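Letters A, B, ... mirror the listed sequences (proteins, then strands); counts begin at 1. Note that this is a predicted model, so its numbers are computed, not measured.
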Number of protein chains: 2
Amino acid sequence: MTLTQNSQNSQNYSIAEIEQETGIKRDTLRVWERRYNFPVPLRNERRERIYSSEQLSRLRLIKQLMDSGTQPGKLVTLDKRELHALAEQHVCRSVSFPGSGVLDLLTGGSLCELQPRLEILLKELGLHDFLSNVVAPLNHAVGEAWFAGKLGILDEHHYTEQIRMILTAEMRRTARNDGARPRVLLSTMPGEPHGIGLLMVACTLSLEGAEILSLGVQTPLEEIVRGAVENKCAIVGVSCSEYLRRRTVASQLVRLRSMLPENIALWAGGSGLRNITLLQENIRIFSDLSQISAALQDQQIRSLTGSKRINSSKKRSNNHELF
Amino acid sequence: MTLTQNSQNSQNYSIAEIEQETGIKRDTLRVWERRYNFPVPLRNERRERIYSSEQLSRLRLIKQLMDSGTQPGKLVTLDKRELHALAEQHVCRSVSFPGSGVLDLLTGGSLCELQPRLEILLKELGLHDFLSNVVAPLNHAVGEAWFAGKLGILDEHHYTEQIRMILTAEMRRTARNDGARPRVLLSTMPGEPHGIGLLMVACTLSLEGAEILSLGVQTPLEEIVRGAVENKCAIVGVSCSEYLRRRTVASQLVRLRSMLPENIALWAGGSGLRNITLLQENIRIFSDLSQISAALQDQQIRSLTGSKRINSSKKRSNNHELF
DNA sequence: GTCATTATTTTGTCCTAGACAAAAAATAAA
DNA sequence: TTTATTTTTTGTCTAGGACAAAATAATGAC
């Protein structure tokens with residue numbers, strides 16, 4: 001019994017693999033083929049779709065642009081050059097900030113120099129300012145650069161990994177479990193894989209003296225509730241990127257609120273909650289980190305304040321975690 | 001325009017949500033319904049499936065048992081008690097090891113005591129022994145306990161998160177980029193979300209003096225190759241849990257090997273590679289951490305040694321990362 | 001008894017093509 | 001400009017059929 005050689009020649013992808021790599025669901029791929037006549041893959045002897053690596057890279061590009069708000073129907077007819085041009089156009093001129101030079105390390109391919117550079121910035125600024133003035137804008141800038149095609153998935157992964165490493169280590173340094181209050185349970189919702197925003201929140205809260213119980217990403221709602229109750233947490237914090245559909249996020253948040261005892265506060269934040277019109281009275285929504293530290297200082301969580309309508313802005317998502 | 005209330009009452013799940021929560025694909029859920037008459041969900045006015053939370057929890061349990069090797073056809077007819085009994089049966093008596101008491105903290109619900117306990121063990125044993133004698137067996141034990149229903153997703157997430165925190169911080173401590181050799185690029189393959197095994201490897205290699213370039217999980221193969229070449233890595237390391245199908249893993253590994261320049265070694269390890277009969281001459285497979293440090297000491301990677309057939313053992317997977 | 005080979009069952013993934021609501025864009029009215 | 005209403009666009013859901021890969025059972029050789 002020899003090894004499966006089917007996709008050996010490194011050129012062909014099944015529909016499942018394309019789904020995996022691009023994040024576009026099978027159903028969607030099939031319906032695009034029907035409607036827009038793209039992508040039209042080859043078929044194997046069993047009539048199953050076989051995509052080429054060129055189709056894959058084009059789909060990746062299209063997905064990027066879709067995530068930034070363009071409709072697929074207007075993208076599939078364009079050729080590669082037009083797509084790239086469009087990507088450029090979507091990038092807004094980035095402002096300068098303490099660590100703006102760091103981005104060049106990524107685009108320039110000097111991956112190994114990233115870590116010491118970040119460490120220096122952290123030391124100079126302290127954790128709090130590092131988070132607000134370096135990590136947050138860098139996240140944004142990295143997302144932008146990725147759209148513009150200036151950054152590969154590789155560079156972005158490496159960046160994420162470095163940030164994760166630094167923040168995790170800082171978390172550990174500042175962590176306390178000496179009965180400090182309030183105790184906060186943090187996680188993301190089922191289906192939400194982005195964890196950097198969560199880490200930033202965790203660091204911020206930890207600095208403010210809270211005791212963090214972090215569950216990482218993708219915890220089922222029932223388990224979040226159980227954890228919060230069993231461990232007597234005063235607050236449950238949920239971070240939402242733009243990865244999930246907005247209505248999914250909204251309905252999950254409402255569901256979570258209804259499952260949670262009233263005396264436990266529910267806080268939600270992250271770029272996935274921009275433009276959410278109104279959720280519910282007793283769900284508190286944050287649009288940036290400083291709001292969180294402020295809110296924590298009202299420790300007592302006296303009389304849950306009404307939900308806060310966040311300042312809306314024209315949608316320009318980038319599928320990356322701004323916070 | 002009010003908020004979507006469709007799934008408000010916290011009892012109903014769409015097929016997409018069930019897929020999300022259980023990891024069982026839509027197609028599979030539908031075919032089970034057709035074949036086994038389970039799960040048969042209610043339908044909404046549009047004939048769409050609506051699952052109850054009881055069906056969800058039963059599906060979760062079934063998924064657990066399937067992951068440990070039982071066929072679904074033999075599970076769907078059983079009731080809750082029988083399922084739990086079966087789960088018990090699958091648990092093998094766990095051996096005792098330095099940190100075995102730690103498990104009780106999780107089952108006992110004292111989540112907050114876990115971190116200091118682990119820190120003490122780390123200090124006492126040192127990183128190397130901590131990895132081999134505590135983390136590895138604990139991973140196993142946690143997986144077992146989860147099957148047996150003694151541990152919730154909550155506890156398991158918290159455990160994972162704590163281990164991740166400690167190992168990440170240690171990684172940062174031991175990291176060097178003073179031109180130390182060899183340079184190793186680490187990642188998991190597309191679709192493989194488990195990162196703890198990767199971290200363990202990273203720590204091990206870092207201790208041995210390698211320079212680590214970690215990309216985290218789920219990097220496309222093309223990007224892995226690009227990263228390895230651009231950064232002049234001598235070795236590419238890939239960690240595989242049992243999450244992906246074996247044939248997927250195999251074909252991806254072979255594809256990666258063919259894309260990679262010959263002078264870059266490809267190392268693969270993790271529980272997902274147990275029972276892999278034979279891959280290819282120039283892919284090196286590891287079944288535990290100590291093999292890795294040994295291999296690294298043959299630094300020169302002289303004449304790629306032939307692939308190593310690993311000692312096979314009866315399949316008993318648990319979908320958790322043993323390494 | 002164990003091991004290797006072959007036959008049979010089980011199971012997941014893929015297929016087509018139609019339907020429809022939620023979201024976005026375009027239009028009309030204030 | 002903003003606000004309400006229509007139209008277009010888009011993703012997800014449905015049904016039931018097909019088929020190979022994986023797992024199990026059966027067979028034969030030693």
Legend entry - Close approaches to DNA chain D from residues 21-35 of chain B, in residue order (heavy atom, under 4.0 Å): B:Arg26, B:Arg30, B:Arg34

Backbone N/O of [Y] and side chain of [X]: donor-acceptor pair under 3.5 Å:
| X | Y | value |
| --- | --- | --- |
| A:Gln55 | A:Val40 | yes |
| A:Ser187 | A:Val217 | no |
| B:Arg26 | B:Ile15 | no |

Interatomic distance where [atom1] belongs to [X] and [atom2] belongs to [N] [whole Å]:
| X | N | atom1 | atom2 | result |
| --- | --- | --- | --- | --- |
| A:Lys63 | D:dT10 | NZ | C1' | 14 Å |
| A:Arg47 | D:dC19 | CZ | P | 9 Å |
| A:Leu244 | C:dA23 | CG | C1' | 17 Å |
| A:Arg46 | D:dG17 | CZ | C1' | 15 Å |
| A:Glu45 | D:dC19 | CD | P | 12 Å |
| B:Asn44 | D:dT14 | CG | P | 8 Å |
| B:Glu48 | D:dC13 | CD | P | 7 Å |
| A:Lys74 | D:dT10 | NZ | C1' | 12 Å |

Inset, instruction - For the residue pair B:His194 and B:Tyr243, categorise the inter-ring angle as parallel (less than 30°), tilted (30 to 60°) or perpendicular (more than 60°). - result: perpendicular

Inset, instruction - Answer yes or no: is there an ion pair linking A:Glu19 with B:Lys25, defined by an N-O contact shorter than 4.0 Å? - result: no

Legend entry - B:Glu223 bridged to A:Arg60 by N-O distance under 4.0 Å: no

Legend entry - Set of residues satisfying side-chain hydrogen bond (donor to acceptor under 3.5 Å, both in side chains) with respect to B:Gln252, sequence neighbours excluded: none

Inset, instruction - Report the nucleotide, chosen from D:dC13, D:dG11, D:dA15, that has the shortest atom-to-atom distance to any side-chain atom of A:Met66. - result: D:dG11

Inset, instruction - Taking the side chain as every heavy atom from C-beta outward, state whether A:Leu83 and A:Gln64 have any atom pair closer than 4.5 Å. - result: no

Is there any protein nitrogen or oxygen under 3.5 Å from a nitrogen or oxygen in nucleotides 8-10 of chain C, and what are the pairs?
from	atom 1	to	atom 2	distance (Å)
C:dT10	O3'	B:Gln71	NE2	3.4

Legend entry - Heavy-atom pair with the smallest gap, counting every atom of B:Thr219 and A:His157: OG1-ND1, 3.1 Å

